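A quick write-up on the structure given underneath.
In this text, all values refer to a predicted model and were calculated from it rather than measured experimentally. Start at 1 with the first residue, then count along the sequence.
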Amino acid sequence: MQIHHKGYVSGDPRVKPAAGYGIDRSEEIPDEMDVLIVGTGPAAAVVAAQLSRFPSVNARAIEMRPGRLQVGQADGIQARSVETFQAFGFANEVIEESYRNVEMCFWTPDPQNPANIIRHSRAADDSTGMSEFPHIYVNQARILDYFLRDAERAPGKITPDYGVEYLDCEIDPTAEFPVTARIKYVAGELSGQERKVKAKYLVGGDGARSAVRRSLGHKLHGDASLHAWGVMDIMLNTDFPDIQVKCSIQSHDAGNILLIPREGGYLVRVYVDLGELTAEDAGAIRNTPVEDIIATANRIVHPYSFDVKSVAWFSVYEVAHRITDGFDDVSDEERGTRTPHAFIMGDACHTHSAKAGQGMNVSIQDGFNLGWKLAAVLERRAPEALLNTYAEERKVIAQNLINFDKEWSSLMAKSVEEWEDPDELERYYVSTMEFPAGFMTQYTESAITTGLEHQDLAPGFPVGKRFKSAEVIRRADNRWRHLGHFHEADGRWRVYAFADEAAPALEGTAMAQFAAWWSQDAVSPRNLYTPGGVDEDAVFDLKAIYQQDYTEVELHDVPKVFQPVKVPFGLHDINQVFAAGHGRDIFREREISKDGAIVVVRPDQYVAGIFPLSAHQEIADFFAGNMTALEAGK
């Protein structure tokens, strides 16, 4: 964390001074606003936290519940989500209070005595080093707390307006405030009152029964599996030896269990197979008493037993896989003729089983994908067409999720007799681990993602996939740091300049020539899109990474553009220069060409493109396709 460059900070540096709409923020919902966020689920909370960092954006979040979520249905946090938490500044806190998954145990019937189960095998959670962050479990309510706390700490000071229901809306794309939404107070002094508010953009993160989706005329399409599961969060005494390890448990004839330890050391989530259904009894199964679910669980884990002392929460559900026919308010006929003004995210546009641990995780990425785009458009740093990419990118991801979850949930429900090979489930779990971890997402070519023309310059940073961090030595203090951990959720593009083989120099190298163009050319992205009177890196976070050992890199040899000037005191930020050292070499680990490369990363941490150091015009053309040049005098 870098502080004090705008003046001495004596308090908590995570709590930012109010600015813009955060100053004297009204408790009453205004008649007009930039963004109306419906719901406070994972996707919506991310958008609120993101937009609160842009206090010039007037955003409100309404929630029908009278207060914060108490018990969350989701609890599995994949490593990609933890990387996102890092961007918002609370990854370490979440990890500290969560359960950290390190392996999965597979239990099957004992061949000598099928009535009993035995441990068949184990699989490490991340044996390939997909991420430096762990796979964890923690209550969804706590994740919402962190994002909403971040929104309240940010300059915009966004806090949810609880007890407010969204009813419906009308959209006139030609109006200054295209969305007219009808809302109703359902708690507090105004309970029962209805009113209309206007917004430039509407964001629906209001769950599987989304009123926003309904008002946009979209429907969820898909099917149900006619297989029921009971899920319960329990505290228990047991002789089952792996009660604090994630487990897949297959019994001979009583069904299957997916066991997931929870945070705190005492709470355990158990998904209990309740068997196949018919269309006639699908509704009745939802009334299964928790005592029956516990009894089924005990039959499955025989010869062990679960002595349940407390049930914190339980539910019965039928596995269903559904995806909406639209992610925004633009119809197929209108696509390309106007830009969207309403969006849906998370469970509002995709539903599936809980056993792959994807619901909250994919929803978080929905919100991260949309939030920075809204801010860029509303601050006039990007054209409105940027908002088309939300539906284009996230609908593909949602469909991939549905396809994966169908296969995973069907495997979890298979009886022992159906398996030809008892190791098949473990092999599938290990071979597909990158998908549930959140790292298979790869955005295709668009205005904000290039093609693969220069991928060979940095194979370890696949274009369209998330930027996979690696350790470097920060030259200012000679500490090794993860490069990607400096990527905050601040809406800035990251431009990583990986130097050529020549030692640091102020001129005569490809790196120096890039630096001169970036800082001096009137049509370089920095000069075209960075307004006056702000930090030199306010729009583009430019960093230099040299191949040499840090002992061979002196800051006075590094071009000044890599030491950006900060307002208001004109301080030079010397913390943006990195090198190899102590056995850590990002060039080797990420297969970066010795000729160097420019790696451009989107504000949501996905690699936008790879360029040669000399590709000045190509880089300029890329940003010209997704940013708006400043007006004269700005």
- Message: Rounded at 0.5 Å granularity, tell me how far CZ in Phe587 sits from CD1 in Ile545.
- Response: 7.0 Å
- Message: Check for me whether the distance between the ring centres of Tyr550 and Phe578 falls short of 6.0 Å.
- Response: no
- Gln86-His487 side chain donor-acceptor pair, cut-off 3.5 Å: no
- Item | No-hydrogen, no-angle side-chain donor-acceptor test under 3.5 Å, Asp206 and Ser210 | yes
- What do you reckon, are the aromatic ring centroids of Tyr146 and Phe88 less than 6.0 Å apart? no
- Query: Going by atom types alone, do Asp125 and His135 pair a side-chain donor with an acceptor below 3.5 Å?
  - Reply: yes
- Query: Are Arg142 and Ser98 close enough that a side-chain donor and a side-chain acceptor fall under 3.5 Å?
  - Reply: no
- Query: With distance as the sole criterion, is a donor-acceptor pair present between the side chains of Gln576 and Gln2 under 3.5 Å?
  - Reply: yes
- Parallel under 30°, tilted from 30 to 60°, perpendicular over 60°: which one fits the rings of Phe540 and Tyr529? tilted
- Between Ser56 and Glu379, a side-chain donor and acceptor under 3.5 Å: yes
- Item | Side-chain donor-acceptor pair present, His616, Gln513, cut-off under 3.5 Å | no
- Task: List for me each residue that meets side chain to side chain donor-acceptor pair (under 3.5 Å) alongside Glu434, sequence neighbours excluded, and say none if there are none.
- Result: Lys465
- Item | Proximity of Phe85 and Phe133 rings by center, below 6.0 Å | no
- Query: Is it true that Asp329 and Arg338 have a side-chain N and a carboxylate O under 4.0 angstrom from each other?
  - Reply: yes
Show me the donor-acceptor pairs within less than 3.5 Å that the side chains of residues 367-378 make with the rest of the protein, sequence neighbours left out.
from, atom 1, to, atom 2, distance (Å)
Asn369, OD1, Lys373, NZ, 2.7
Asn369, ND2, Glu393, OE1, 2.9
Asn369, ND2, Tyr443, OH, 3.3
Trp372, NE1, Asn369, O, 3.3
Trp372, NE1, Asp604, OD2, 3.3
Lys373, NZ, Thr389, OG1, 2.8
Lys373, NZ, Glu393, OE1, 3.0

- Message: If only side-chain N and O atoms count, and only distance matters, is there a donor-acceptor pair under 3.5 Å linking Glu334 with Thr337?
- Response: no
- Query: Between Thr530 and Glu536, is any side-chain donor less than 3.5 angstrom from a side-chain acceptor?
  - Reply: no
- Message: I'd like to know whether the aromatic ring centres of Phe461 and Phe467 sit less than 6.0 Å apart in this structure.
- Response: yes
- Between the side chains of Thr324 and His218, does any donor sit under 3.5 Å from an acceptor? no
- Does a donor on one side chain and an acceptor on the other come within less than 3.5 Å for Arg80 and Gln605? yes
- Does the side chain of Ser524 come under 3.5 Å of the side chain of Asn527 through a donor N or O and an acceptor N or O? yes
- Distance-only polar pair, side chains of Glu392 and Asn388, donor-acceptor under 3.5 Å: no
- Task: May I ask you to check whether Thr84 and Gln365 show a side-chain donor-acceptor distance below 3.5 Å?
- Result: yes
- Message: Does Arg14, at its CZ atom, have more than 12 non-hydrogen atoms belonging to other residues, nucleotides or ligands within less than 6.0 Å?
- Response: no
- Query: Do Arg466 and Phe439 meet the cation-pi criteria used here (NZ or CZ under 6.0 Å from the six-membered ring centre, within 45° of the axis)?
  - Reply: yes
